[in-house]
Each structure stands twice: as C-alpha cells, then as structure tokens.
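Here is the structure we will look at, set down as structure tokens.
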Amino acid sequence: MSLKFIVENGVGKINFNRPDVLNSFNKEMALAFQKTLKDCRDNPEVRAIHITGEGRAFCAGQDLAEAIATDGPGLENIVRDHYNPIIMLLREIEKPVVCAVNGVAAGAGANIALACDIIFAGASSSFIQAFSKIGLIPDSGGTYFLPRLVGFQKATALMMLGDKVKAADALAMGMIYKVCDDAVLLQESVECAEKLAKMPTKGLGYTKRALNLSMNNNLEEQLKVEGELQTTSGKTYDYNEGVNAFLQKRPPVFKGE
Ligand code: T3D
C-alpha cells in the first residue's frame, strides 16, 4: 500500500508509504492520494487533514525510475493527471490541511507541502526545488506558491540553484509555519490538526476560500469576497454556538455545520 490512511479524532491522517524510495510518487501513489483526498473532502467526519511521510523522508517528488520507463505514464501525463489534480484538491478542499515534513521534501514533494495550509517541519528536515538539477521546471504549483511565500527573488534563486533549504531557514524566509524537534514533530502537528478539527469547519473553509481568492484579487474584489463569505459564515450553526457560548461564559461545542 503506497499510502496509509485512518480517520481519528476528526482528522483524516494520510501517510505517504514508499519509504525505500523516500516516498517518491509513482502513478499508484498519486492516484491513491487523489482518491484519499476526495474521501476526506466528502466525509463529514473528517474536519481536518494531516499529511506526513513514513520513514526518513517526507517525499522525494516524482519516482524518477517511473518517469523514464518506456512503459511508464509519460511526463506530460504525469503532470496533468497526477500532480495537478493533487494540488487543486489540496487548495479546493474547504477543510484545513496540516502537513508534517519529517525529512527531505524534494521536487513535487516540496511543492505538495507548500500547497498545504499549515506546514510543520522537523528540525532536521529540508526543502529542495530539485527540478533544475535534472533539467525540469518546478511543477506542482511551485512557481505559484513559492514566490508568493518567500518573494520573487528568493524563489527564483532557490528554483534555479536547487539549494537544500534547512527547516530553520525555510521558517525564517516565511516558507513554513513552524519548526519542531524531530522527536515531537508528529505529536505537535497532529495536535494542531485535531484542534482544527474541533473548530468551526465551515468558517475555516470559507477562510481558505478567501485566502485562495486573495492570490489574484485586487482590494476591492477581496473586500467584496469577505463581505459575502462573512454573511455566509454568520448563517452557520457554529457561529450561533460560538457567540452564545461566549455570552454564556462556557466553552463552545462546534459541530462543523
Ligand atoms: O515526469 C516527470 O518527472 C515530471 C514530474 C516531475 C516532478 C518531480 O518531482 S521532478 C523531481 C524529482 N525528484 C528529484 O529529483 C529528487 C531525487 N532525489 C534526490 O535528489 C535525493 O534522493 C534526495 C536529496 C531527495 C535525498 O538524498 P539522500 O542522500 O538522503 O538519499 P538517497 O540515497 O539519494 O535516496 C535513498 C533511496 O531513495 C535511493 O535508493 P537506493 O539507492 O537506496 O536503492 C534513491 O535512489 C531513492 N530515491 C530518492 N529519490 C528518488 C528515489 N528513487 C526514485 N525517484 C526519486 N525521486
């Protein structure tokens, strides 16, 4: 099985599971990941998603043996049919996606991490835009997310040079949310996902939608989006619960509705 998946405490927990090849993606793993993300999207019991890798790596990107195999899926199909749907799902699922980078994240593996909502990284982990070293261009949304996260100049250099960026440097340049000791990475990132799973899921989903739209909107368009989504949020069960709990001085019990 190229992926491990369980639902626990409201969190869909996905582990890449090809540790012998540093969890690099072959067709089977890419399609299994897409299916599991869709299951998470459609299952109301899943109110947050947590993604990490088995073994010593998060993900080393495309399985290069498959990429050059004469009977393999072929480069243009790999990008179109494997990675592009994964990145769209990660951004379009209106539930928080937490990622725990537990070792190297290279190529598409790095950019899948960057498409997640909240990125934790182990202190010994690293991020590599490995594409330039083999004559490819960054895919899986890398040219979209990285310049927006760290700035155009830094993104250009990282993508052209293929530097190995240590977790602490990734944090300093705004690429990720938090660095944890390796020993507590899983515990801290899962705790974060489980906390998010108890929060107002619809409100978090609309927040994600607004952030997605902010990538391309001007201020006027974005203010309109905020107004519309705030009105929609105000009609949710969880908004009513949140306000009543505050006024009654009790902890809220959100249902994700
Ligand atoms: O069709 C297309 O290709 C389009 C799609 C492109 C998307 C992409 O992601 S392109 C970028 C692909 N990824 C890479 O170029 C990274 C390749 N890997 C590495 O550079 C290094 O493995 C790392 C820097 C990630 C880690 O280095 P290190 O020294 O810690 O580990 P290692 O010894 O290189 O790797 C351990 C094993 O995993 C090794 O196998 P072995 O010798 O024990 O049998 C190695 O071959 C295997 N492995 C690592 N990455 C890949 C891989 N096998 C297949 N594909 C990989 N990407």
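Indexing begins at 1, ligand by ligand and atom by atom, following the structure's order. All of these numbers come straight from a predicted model, not from anything done at the bench.
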Distance-only N or O hit between ligand 1 and Leu136, under 3.5 Å: no
Under 3.5 Å between any N/O of Ala108 and any N/O of ligand 1: does that happen in this structure? yes
Counting both backbone and side chain atoms, is some N or O of Ala60 under 3.5 Å from an N or O of ligand 1? yes
For the residue pair Ala130 and Ala106, what are the closest heavy atoms and their distance? CB-CB, 4.3 Å
With backbone taken as N, CA, C and O and side chain as the heavy atoms from C-beta onward, which portion of Leu64 lies under 4.0 Å from ligand 1: side chain, backbone, both, or neither? both
Between Asp139 and ligand 1, does any nitrogen or oxygen pair lie at a separation below 3.5 Å? no
Against ligand 1, does Arg56 come closer than 4.0 Å with any heavy atom? yes
Inspect the contact between Arg209 and Glu94 and indicate whether a charged nitrogen and a carboxylate oxygen are less than 4.0 angstrom apart. yes
Is the count of non-hydrogen atoms from other residues, nucleotides or ligands lying under 6.0 Å from Glu45 atom CD greater than 12? no
Check each atom of ligand 1 against the heavy atoms of Val21 and keep those under 4.0 Å away; list them by number with element. 38 (O), 47 (C), 48 (N), 52 (C), 53 (N)
For atom 21 (C) of ligand 1, state whether the nearest protein heavy atom is under 4.0 Å away. no
Any salt bridge between Glu188 and Lys178, counting N to O under 4.0 Å? yes
Please check atom 29 (O) of ligand 1 for a protein heavy-atom neighbour under 4.0 Å. no
When you measure from atom 26 (C) of ligand 1 to the protein, is at least one non-hydrogen atom found at a distance under 4.0 Å? yes
Given the rule that I, L, V, M, F, W and Y join up when any side-chain heavy atoms are under 4.5 Å apart, are Tyr177 and Leu196 in one cluster? yes
Kindly identify the option in Ile68, Leu22, Asp20 whose heavy atom sits closest to atom 49 (C) of ligand 1. Leu22
Hey, is Val104 touching ligand 1 through its side chain, its backbone, both or neither, going by heavy atoms under 4.0 Å? side chain
Numbering the atoms of ligand 1 from 1, which are under 4.0 Å from a heavy atom of Gly61? 9 (O)
For Lys13, is there an ion pair with Glu194 - N to carboxylate O distance below 4.0 angstrom? yes
Heavy atom of Asn111, distance to ligand 1 below 4.0 Å: no
Would a search of protein heavy atoms around atom 35 (O) of ligand 1 find one under 4.0 Å away? yes
Enumerate the atoms of ligand 1 whose separation from the nearest heavy atom of Ala67 is less than 4.0 angstrom. 1 (O), 3 (O)
Please state which part of Phe25 comes within less than 4.0 Å of ligand 1, counting heavy atoms only: side chain, backbone, both or neither. neither
Under-4.0 Å salt bridge between Glu92 and Lys38: no
